[in-house]
Amino acid sequence: QSYGEERKVYIVYMGGHTSEGVSSSSLSSHLGMLKKVLPSGVSATDKLVYNYGRSFKGFAARLTDDEVKKFSEMGEVVSVLPNTKLKLH
Amino acid sequence: TTRSWDFIGLTQNRTLRLPTESDVIVGVLDTGIWPESESFSDSGMSPPPSKWKGKCQTGGTNFTCNNKLIGARYYNSENDPSEIKSPRDVEGHGTHTSSTAAGRPVGDASYFGLAEGIARGAVPEARIAMYKVCWLSGCWSADILAAFDDAIADGVDIISVSLGSDFPSQYFEDPIAIGSYHAMKKGILTSNSAGNGGPFPISVSNYAPWSLTVAASSIDRKFVSNVVLGNGNTYIGISINNFNMGNSVYPLIYGGQAVNVSAGSTELISSYCIDGSMNTEKIEGNLVLCNYGDGDETIYNAKGLGMIMSVDDNLQDVAFSFMFPVTIITTDDAREILAYIKSTSNPVAVIKVSDEWSDPLAPTVVSFSSRGPNPITPDILKPDLTAPGVDIIASWSPMASPTGYEEDKRSVNFNIISGTSMSCPHVTGAAAYVKSFHPNWSPAAIKSALMTTAIPMDPRKNEDAEFAYGSGHINPVQAVDPGLVYDASAQDYITFLCAQGYNTTTLRQVTGDNSTCNGIGLGKAWNLNYPSFALSVPDGGYATGSFYRTVTNVGPPNSTYNAIVFSPANLTISVVPSTLTFSQVGEKKSFVVKVNGGRLFQQPIMSACITWFDGKHSVRSPLVVYTT
C-alpha cells in the first residue's frame, strides 16, 4: 500500500440523536454512508469497527486518508477524529 | 481505601446514608476489574435496579458479574493481542479506582502490612459497571467513545474516567468531552482526573465545563522509610518500603564509585545509576546511593541490596513502591550521606521498613497534579476541586504487578498508588453519595454542591492556588446539604458554546435539536452558570468583567442569604443584589458579580471568593483574575 492508502481507525462523530429518538436504523444508515465512500469491492461491514448509536450518532471505521477527507466534508459529520491513544492518570 | 474517606469526613459509621444508595450505578471507564475481589462482593445485595439496561460481557472467560458488579464490557478497536479479550483487569488500575469509589468494606486490608485497615469506597451499596477501555497498550479514543455510548444507554448515574490526553483539543474533538457532553444531556455527571502533568501551568486535561475535573491532594498519612548509617545518623526518606532488612547494616557505596569505564561512563553519569553506565560487580551486595532517575532497575538487575535515591525537596510529596528496598531522600541529605561514604573505609547503612507518619500539612495539592488555567476556555476555572490522590490503598488485580515492573511477580489484593486517577474516583464516590440523597438533581447541581461546599485550601501551601485546587478540598457530607446550587441545563451549555464560536449548524448536529446561536455573539464564558469565577486578562489589559449567575434554593424554603466577598486590596468586587431571599425550595434568584482590578501586567493569579451565607449554609465560589 502506498502512503495515504493505509487504513487506520477513525471516529466519525455525527452528534446527538434528534428529538425523534434513537434511530433503529442507525447501523444501516452508517453502513450506507460507509458504502458510499469506500471503493467498490471493499466491505463496509468489514471496515466498521463500532456503530455509535445508542446515545449519540457516529461510528468508528478503518479508513484511508482520502476517505477521511470525504467524511470530513459531509454536512452531517461534526468531526472525524483519529483513534488516538490516551493515558491512565 | 483505609484512610482517605475518614480523612474527608465520610466515616464508616455515618448516620447519613439512605437505602437509595443501592439504586445508584457508578460506571467506570478503565482497565477492567477483578470481579473476585472482596470489594465487589454482593453479599446481602438485592438485584440491580430496574433502570439497568447493561450486560456482563464475559468474553468466553470465567468472568462473572453479581449484584454489586452488575455490568462489564470491553472495547478493543486496535485488537490489542497482549491480553485476553475480557473485562478482567490484569493491570490493576480499574480495580483500584472502582473500589475507591464504591467498594464494599474489606477488613484487614493492607499492602504487606502497610496502610492496614478496613478498605471501603464512598458508596458501598451502590452498583458498579465496568467499561474496559484501557489495555496494556493504552486507552484508544474509539473505545472510550463506544464505552460512553453504552454507559449512557445502560443507565449509569455517574461516570468515572481516570485517564486523558496529553494534549488539549477542542471540545468536540475530544472523545471524553464528547462522551461526557452526551452523558450530561441524559442527566449523568462525569468525574474526570485532571492529569498528572503538574506542576506546570496549563497542563490540566479534561476541562469541559459539563464535567468535574479533579486535582490530587495528600491525606494525613505519609509513608516514611528512614536510612540509618553506620555512624548512627538517621535520614528521613519517602517511599513505600515493605522489605524488612532486619537490624543489620549493609555495605553502602555511591553510584559514582561504580563507573563502567569500559562503556565510557564517568562518575557523574554513573551517579545517576543509568543502565549500562555502572560496573555491576561493584553493585552486587551493596546499598547504592544514586541521584534522581530510573536507577532502581539498574541496581535491582545488578543484584544490589537496595537504593537510596536523592530528589529535589519539592518532589518528596509522594511515595512510590519498588521491587526491593528503596527510599527517596533530599539532595541535602544525599550530600551528607556521600560525605559519610567518603569519610570511612567501611560505610554501611540500612533502609528501614516504612513507618506511617501523620502529616499535619495535609491536604496539599501534590506536585504532579496538573494545573490550570484552562487551555481552551480561560474563563472557566479548572481544575474544579481536589480530592485525595496520594498514597491511596485500594483493591488490586492479583494478576498485575504491584509496582508496575514486569520482573515484580508478587501478587497483591491491595496496592498503594498515587495519581489524579486516584482522586477522580473519590469525587465519583462523593457524587454518587450526593446522588443517593438527591436522585433528581442535574449533573450541574451535583457538581455545584460538591464545589461550593469544598473546604478552602491554603494558598501558602500551594503557590498555584486555585489553578492547583479549584474550589478546594472535597467535603462529601456537607455536599448533601449545600443550601444553594448553581444549576445549568443542556441549553446553558449550548449558549456557552455559541459564545465560544461554535456555529448553529454544528451545535444542531451535536444536540440533535433546533438549537440556535442567533443573538449570541462571540464572548467570554462569564455567563455560564458555573460555580466558580475566572477572569482572564491579556497582559497589559484591564481586569474588568461582569458575571451573571442564578442560584437555586435546595435548602430550607424560607431562607435569606447574604453575600460575603473576600478580595485582595487591588481587586474591587461587588455583588448585586447582595442579599437573596427565598420563600420556597426550587426558587431561583439571580445576581451579578462585577470585578474591577485595573490594568494588569504579568499577573499569575489573584484569588478572591464570594460566599452566600444564611447562618448555616456557606455557598462558596472562588474568583480568580490572571493575565494570559
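Residue numbering restarts at 1 for every chain, and letters A, B, ... go by the order of the sequence lines. These figures come from a predicted structure and were not determined experimentally.
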Answer key: most heavy-atom pairs under 4.5 Å with chain B among A:Val9, A:Leu81, A:Val77 is A:Leu81

If one checks every heavy atom of A:Val80 against chain B at 4.5 Å, the contacting part turns out to be neither

Per-residue tally against chain A (heavy atom, under 4.5 Å) across B:Ser193, B:Gly197, B:Ser423 peaks at B:Ser193

Any donor-acceptor pair under 3.5 Å from B:Ser369 side chain to B:Ala216 backbone:
yes

Whatever's closer than 4.5 Å to a heavy atom in chain A on B:Ser205 counts as side chain

May I ask you to decide whether B:Asp150 forms a salt bridge with B:Lys55, counting only side-chain N to carboxylate O separations under 4.0 Å? no

Residues passing the ring pair (Phe, Tyr, Trp, His ring centres under 6.0 Å) test with B:Tyr502, sequence neighbours excluded, are B:Phe172

Atom NZ of A:Lys36 with >12 non-hydrogen neighbours under 6.0 angstrom
no

Requested in this report: Spell out, as yes or no, whether a donor-acceptor pair under 3.5 Å connects the side chain of B:Asn206 to the backbone of B:Asn192.
Outcome: no

Whatever's closer than 4.5 Å to a heavy atom in chain B on A:Tyr13 counts as side chain

Cut-off 4.5 Å, heavy atoms of chain A, and the answer for B:Phe167 is neither

### Message
Can you see whether B:His93 engages B:Ser421 through a side-chain donor-acceptor pair at a distance of less than 3.5 angstrom?
### Response
yes

Could you tell me whether the side chain of B:Thr31 and the main chain of B:Gly94 form a donor-acceptor pair under 3.5 Å?
-> yes

Item to check | Side-chain donor-acceptor contact under 3.5 Å, B:Thr428 with B:Ser160 | outcome: yes

Honestly, the part of B:Ser162 sitting under 4.5 Å from a heavy atom of chain A is backbone

Whatever's closer than 4.5 Å to a heavy atom in chain A on B:Ile152 counts as both

Shortest non-hydrogen pair, B:Leu145 vs B:Gly179, comes out as CD1-N, 4.1 Å

Turns out that what part of B:Leu507 lies under 4.5 Å from chain A's heavy atoms comes down to neither

Counting heavy-atom pairs under 4.5 angstrom with chain B, the leader among A:Val49, A:Ile11, A:Asn51 is A:Ile11

If one checks every heavy atom of B:Asp30 against chain A at 4.5 Å, the contacting part turns out to be side chain

Applying a strict 4.5 Å limit to non-hydrogen atoms, the region of B:Thr511 in contact with chain A is backbone

The interface call for B:Glu91 against chain A, heavy-atom contacts under 4.5 Å, is side chain

Turns out that what part of A:Tyr50 lies under 4.5 Å from chain B's heavy atoms comes down to side chain

Honestly, the part of A:Leu88 sitting under 4.5 Å from a heavy atom of chain B is both

Tell me if a side-chain donor or acceptor on A:Arg62 pairs with a main-chain N or O of A:Arg7 at a distance below 3.5 Å.
no

